[in-house]
Amino acid sequence: MSIKQKTLDLKKRMQDALQGGGAQAIEKQVAMGKMTARERIISLLDPNSFHEYDLFVEHAAKDFDMDKKQLPGDGVITGTGTISGYPVCIYAQDFTVAGGSLGLMHARKITKIMDLAMNLKIPIIGINDSGGARIQEGVNSLAGYGEIFFRNTQASGVIPQISVILGPCAGGAVYSPALTDFVFVVDKISKMFITGPEVIKSVLGEEISMEELGGARVHSEITGNAHFFAESEAECFQQIKKLVTYIPWNNSKKAEPFPKKAPKTEEFKIDKIMPADPRQPYDVRDVIKSISDNSEFFEVQELFAANMVVGFGRLNGQTIGFVANQPMVLAGVLDVDSSDKAARFIRFCNAFNIPLVTLVDLPGYLPGIDQEHAGVIRHGAKILYSYSEATVPKVTIILRKAYGGGYIAMCSRHLRADFVFAWPTAEIAVMGPEGAANIIFRSEIKNAENPEEMRKKKVEEYKEKFANPYVAAAHGYVDAVIEPHDTRKFVLHALEISATKEQLIPTKKHGIPPF
Ligand code: HXC
């Protein structure tokens with residue numbers, strides 16, 4: 001063959017491979033409202049930045065007439081590229097080719113690009129759209145999943161791992177996303193479950209649709225498996241593009257700094273946020289926006305356990321992880337789900353050198369049989385563990401209530417916050433004034449001529465004495481009581497002065513967090 005013929009041959013081979021599962025399968029994909037795998041990668045990455053590898057990989061299966069079948073790229077597209085200049089390794093399963101099912105070579109393509117991401121120390125993005133283990137390839141498919149899970153675990157805390165669910169992700173396949181840092185889902189398109197509706201019906205006789213069982217809303221609102229919910233694939237890609245601006249390439253770097261910007265103080269007036277009545281709620285996100293650069297806050301798991309708010313913002317251009325109780329939902333109480341949510345976010349920030357700013361306003365852990373039986377002890381311990389092990393700079397601001405275990409858990413001095421500030425509205429005590437007065441003044445209230453009046457008096461007495469920041473400040477547990485409008489100034493200074501922070505942890509193989 002002449003060079004010209006060889007070039008034409010290459011072009012023909014590429015053209016064939018780029019057809020994926022063919023026109024009919026692509027039509028079906030589009031009819032489901034889904035982009036093709038290659039379109040997804042191209043939409044997500046910077047224009048012309050995608051470089052594809054292993055286009056000519058072929059499957060190795062022989063049984064069930066598989067040797068007569070051609071599966072272009074073996075149902076997965078892999079390569080490297082950039083997102084706003086941020087380098088990534090990426091793979092996207094191609095549902096048009098054998099339902100994106102995972103066989104031996106498909107898995108090898110994925111593990112090869114994961115290995116590259118680890119060697120280059122850059123993030124890995126996986127777009128999942130697959131019928132799961134390729135049934136015809138038997139144990140080789142299972143081996144493939146095992147190899148992926150192992151790498152997900154090795155990469156955890158070293159490079160950011162992002163999973164995007166854009167189709168079915170069923171059976172054991174769900175465990176790769178579950179092992180990664182951020183899971184993105186799209187309404188009506190994402191479906192995740194271990195056993196599908198048909199198995200559930202045959203084993204348990206229960207009927208449920210795929211959407212109700214494991215749709216995007218279910219994983220965003222109920223299970224907490226997903227971190228970002230989008231209405232469309234295009235919106236989902238915008239969310240990923242935004243996320244990568246906040247996080248570093250790997251655990252030895254910091255997130256790229258942004259130009260410094262002041263908060264929009266006209267819109268978010270910090271001195272006006274706290275209601276006069278301490279029982280009234282407010283939106284803690286307004287406090288975050290009143291101190292963050294340009295009043296921007298990129299919330300993570302917005303729809304799950306909304307009594308806890310977590311997400312990214314910037315202070316003087318540096319990425320910050322915000323963790324805050326949300327008084328608007330269940331008074332910001334700590335429970336099973338909110339503890340899980342916060343603990344995982346704190347660990348991500350710690351692994352990737354992102355300082356933590358914690359805003360406290362909560363009545364404590366949620367009481368109740370449901371919570372106790374759901375394991376609030378075990379789950380609640382996760383937040384204590386995560387804050388205690390975190391060595392990044394930690395700044396805590398007590399806005400209002402900080403009662404009981406909640407006071408300790410929300411990055412108190414005792415869990416090694418570097419700086420603890422309190423607003424004058426802070427109430428730091430073992431429990432709320434009403435409950436406390438009822439217990440410690442029980443006999444005085446009971447024996448009073450007018451018990452109700454006496455109760456009110458004692459509650460006021462308790463509030464006066466304990467429901468303030470000054471007892472904690474007198475012990476040095478609070479470093480400074482500050483006016484709300486000074487919050488940004490104090491936090492900025494605290495973070496600047498913490499830039500050289502080095503905290504050693506005891507030598508160990510690893511800790512044993514209360515998983
Ligand atoms: C081989 C598969 C496949 C699979 C789909 N296909 N799943 N081939 N192995 N697991 C093929 C179909 O045969 C079909 O091929 C093409 O992909 C498209 O599939 P359809 O069924 O036509 O598509 P759709 O109607 O959209 O349904 C999608 C689906 C369904 C819901 C995902 O295909 C399905 O239920 N698949 C099986 C899911 C499953 O049980 N997987 C195994 C899970 S166990 P043709 O040639 O007709 O176009 C597992 C264990 C992993 O994953 C454990 C790891 C620890």
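For the numbers below, each heavy atom of this structure counts, side chains included, while hydrogens, waters and symmetry mates do not. Note that ligands are numbered from 1 as they come in the structure, with each ligand's atoms numbered from 1 the same way.
Contact annotation for atom 37 (C) of ligand 1: protein present (non-hydrogen atoms, distance under 4.0 Å). Taking a distance limit of 4.0 Å, we find that atom 13 (O) of ligand 1 is approached by no protein heavy atom.
Scanning Ala133, Ser101, Ser176 for the heavy atom closest to atom 10 (N) of ligand 1 points to Ala133. Here atom 23 (O) of ligand 1 lies nearest to Lys28 when heavy atoms of Met32, Lys191, Gln24, Lys28 are compared.
A side chain to side chain donor-acceptor pair (under 3.5 Å) with Asp418 is found for exactly one of Lys394, Lys501, Gln503, namely Lys501.
Ile135 N, 3.1 Å is the protein heavy atom nearest to atom 9 (N) of ligand 1.
Residue contact check for ligand 1: Phe95 places a non-hydrogen atom closer than 4.0 Å to it. Ligand 1 has at least one atom lying under 4.0 Å from a heavy atom of Gln136. The shell of residues lying under 4.0 angstrom from ligand 1, judged by heavy atoms, excludes Glu137. At least one heavy atom of Met210 sits less than 4.0 Å from an atom of ligand 1.
Remark: Arg217 is positioned above the aromatic ring of Phe229, its terminal NZ or CZ atom under 6.0 angstrom from the ring centre and at most 45 degrees off the axis.
Note: Phe298 and Tyr246 have parallel aromatic rings, judged against thresholds of 30 and 60 degrees for the angle between ring planes.
Among the atoms of Leu142, none of the N or O lies under 3.5 angstrom from an N or O of ligand 1.
Atom numbering of ligand 1 starts at 1 in the shown order; those under 4.0 Å from a heavy atom of Arg134 are 1 (C), 9 (N). Remark: ligand 1 atoms within the under-4.0 Å shell around heavy atoms of Phe149 are 55 (C).
Annotation: side chain of His106 is not in contact with side chain of Glu137 (no heavy-atom distance under 4.5 Å). The shortest side-chain heavy-atom distance between Phe182 and Gln239 does not fall under the 4.5 Å cut-off.
The residues Asp340 and Arg344 are annotated as not salt-bridged, no charged nitrogen and carboxylate oxygen being separated by less than 4.0 angstrom. Checked for salt-bridge contact, Glu389 and Arg347 meet the test: a charged N lies under 4.0 Å from a carboxylate O.
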